[in-house]
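First the structure, in the form of structure tokens, and then the observations on it.
Since the model is a prediction, treat every value here as computed from it, not as a measurement. When reading the values below, keep in mind they use all heavy atoms of this one structure, side chains included, and skip hydrogens, waters and symmetry mates. Order of the sequence lines fixes the chain letters, A, B, ..., with proteins taken first and strands second; residue numbering starts at 1 for each chain.
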Number of protein chains: 2
Amino acid sequence: MPKQVDHDERRREIGAAVCRLIAQRGLDAVSLRHVAAEAGVSMGRVQHYFATKDDLLMFAFELISDRVAARLGAISADDPAACLRAVLLELLPLSAAARAEAPVLAAFLAQAVVEPRLGEPLRRGSGEMAAWLAGMISAVRPGGDPERDASALLAFVDGLMLQVLIGQVSAEAAEELVDHQLGRVLTRG
Amino acid sequence: MPKQVDHDERRREIGAAVCRLIAQRGLDAVSLRHVAAEAGVSMGRVQHYFATKDDLLMFAFELISDRVAARLGAISADDPAACLRAVLLELLPLSAAARAEAPVLAAFLAQAVVEPRLGEPLRRGSGEMAAWLAGMISAVRPGGDPERDASALLAFVDGLMLQVLIGQVSAEAAEELVDHQLGRVLTRG
DNA sequence: TGTTTTACGATGCGTTCGCATTGCAAAACG
DNA sequence: CGTTTTGCAATGCGAACGCATCGTAAAACA
């Protein structure tokens, strides 16, 4: 048998090419041939590591989900308020990494509307995120309805992400909007 | 020549079929053959009224844009606060009409991320909406920064629309979130 | 009434798609 | 050192795609 390769690493390389393709040209541009070209490998290789196109797309979805989770998990701050702010900002396409991932997230988000298999993990992630936000909110300002505030904040940053992506809101304006919104939630109102 | 037909009406019929297809199966499902089948007409007819697939999609986009604008324009209320609330709720997939349109909007919104020709009209509409919201906000509660509040509200309802579409937030919860958010904006905080 | 123009239906073309199949070089393994 | 297994490249297939073309029934118009 040929050189033993790192199976998962190869899958991740190809999955990354899928994400790049989605970010630059949308989900429609994802075909086995385009993915192979983007990854700089043969089409046979793509087929060797992914049984179907659907597998490939699902893997790409998990890949960016994991990337986002990793970025969020790397955030650490002394006080909960700063941590909250950092997490919300990390969800927006402000850094180079986030700018690369956000279009992919947006594409999968829209696809989830008509594809239940994407909706399920997306709902789970969204739920976990809301629970975490609620915890942080009540840590900063006990009382009130932290779950409601968390849901509202999540919807707000999701929408803001799209507005920034289509160029309706600049990165600076988005950051200011987050700060203002966060101020409203974290101060007794 | 055959029976003189209402050209625009025929285009709207086909465009409506496109919207139905997008709402139920996503943008990928839009092909000339599928559209013809959904509209119950021949493929030749679709081609007769739309030179290219791109024309067809652009027309469908204008169609739902006009529909949303019409629904928003039909809103009338005595006091500005009620009007503001009604408009925000109308942007969410709560009524049957909005539930049919929201998935289409979401699909085009995501497509706009990688398709500048969709981004431009979307930015314009979003800008007009924000300006209108800002006007209403300052009518209810003068002072503050109505433009900022308007942008934040718009991002919030956009994100909330997606959350409702993927089933993360129920219609009732969404309505309550809008009320709460609106209360924050319209009362001195 | 004859002519012209319009609204299509039908069909075909070249391309691209996802996927299956085949073949084979090479390295791990006995 | 042979055998076997693995990683992949190449090719082919049927289906679906967007689009161009052609034919024609029929109504508007002269």
Rounded distance in Å - [atom1] ([X]) to [atom2] ([N]):
X	N	atom1	atom2	result
Asp8(A)	dG7(D)	CG	P	12 Å
Leu56(A)	dC17(C)	CG	C1'	14 Å
Phe50(A)	dC19(C)	CZ	C1'	16 Å
Glu13(B)	dC8(C)	CD	C1'	14 Å
Asp28(B)	dC17(C)	CG	P	13 Å
Glu9(B)	dA7(C)	CD	C1'	16 Å

When you get a sec, tell me which of dC19(C), dG7(D), dG18(D) is the closest nucleotide to the side chain of Leu32(A)?
dC19(C)
Per atom distances to the Arg33(B) side chain, the nearest of dA7(C), dC17(D), dC8(D) is dC17(D)
Does [X] have a side-chain nitrogen or oxygen under 4.0 Å from the phosphate oxygens OP1 or OP2 of [N]?
X	N	result
Arg45(A)	dA10(D)	no
Ser31(B)	dA16(D)	no
Lys53(A)	dG18(C)	yes

Please find the pair of heavy atoms, one from Ala130(A) and one from Ala150(A), that lie closest to each other, and give the distance.
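In this case the closest contact between Ala130(A) and Ala150(A) is O-CB, 3.3 Å.
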Side-chain contact test, heavy atoms from C-beta onward, threshold under 4.5 Å: evaluate it for Asp158(A) versus Leu91(A) and give yes or no.
no
Contacts of His34(B) and Gln4(B) projected onto DNA chain D by closest heavy atom; the upstream (5') one is His34(B)
Below 3.5 Å between N/O atoms, which protein atoms pair up with nucleotides 20-22 of chain C? Just atom names and distances, please.
unit_1: dA20(C); atom_1: N7; unit_2: Gln47(A); atom_2: NE2; d: 3.3
unit_1: dA20(C); atom_1: N6; unit_2: Gln47(A); atom_2: OE1; d: 3.0

Within 6.0 angstrom of Asp8(B) CG, more than 12 heavy atoms from elsewhere
yes
Is [X] salt-bridged to [Y], going by a charged N under 4.0 Å from an acidic O?
X	Y	value
Glu175(B)	Arg85(B)	yes
Arg184(B)	Asp179(B)	no
Asp6(A)	Arg11(A)	no

For Phe61(A) and Phe108(A): C-alpha separation, side-chain torsions, deciding distance, then whether ring pair (Phe, Tyr, Trp, His ring centres under 6.0 Å) applies.
CA-CA 7 Å; Phe61(A) 173 64; Phe108(A) 279 121; 5.1 Å; yes
Over all strands shown, is Val35(B) touching base, sugar-phosphate only, or nothing at heavy-atom distances under 4.0 angstrom?
nothing
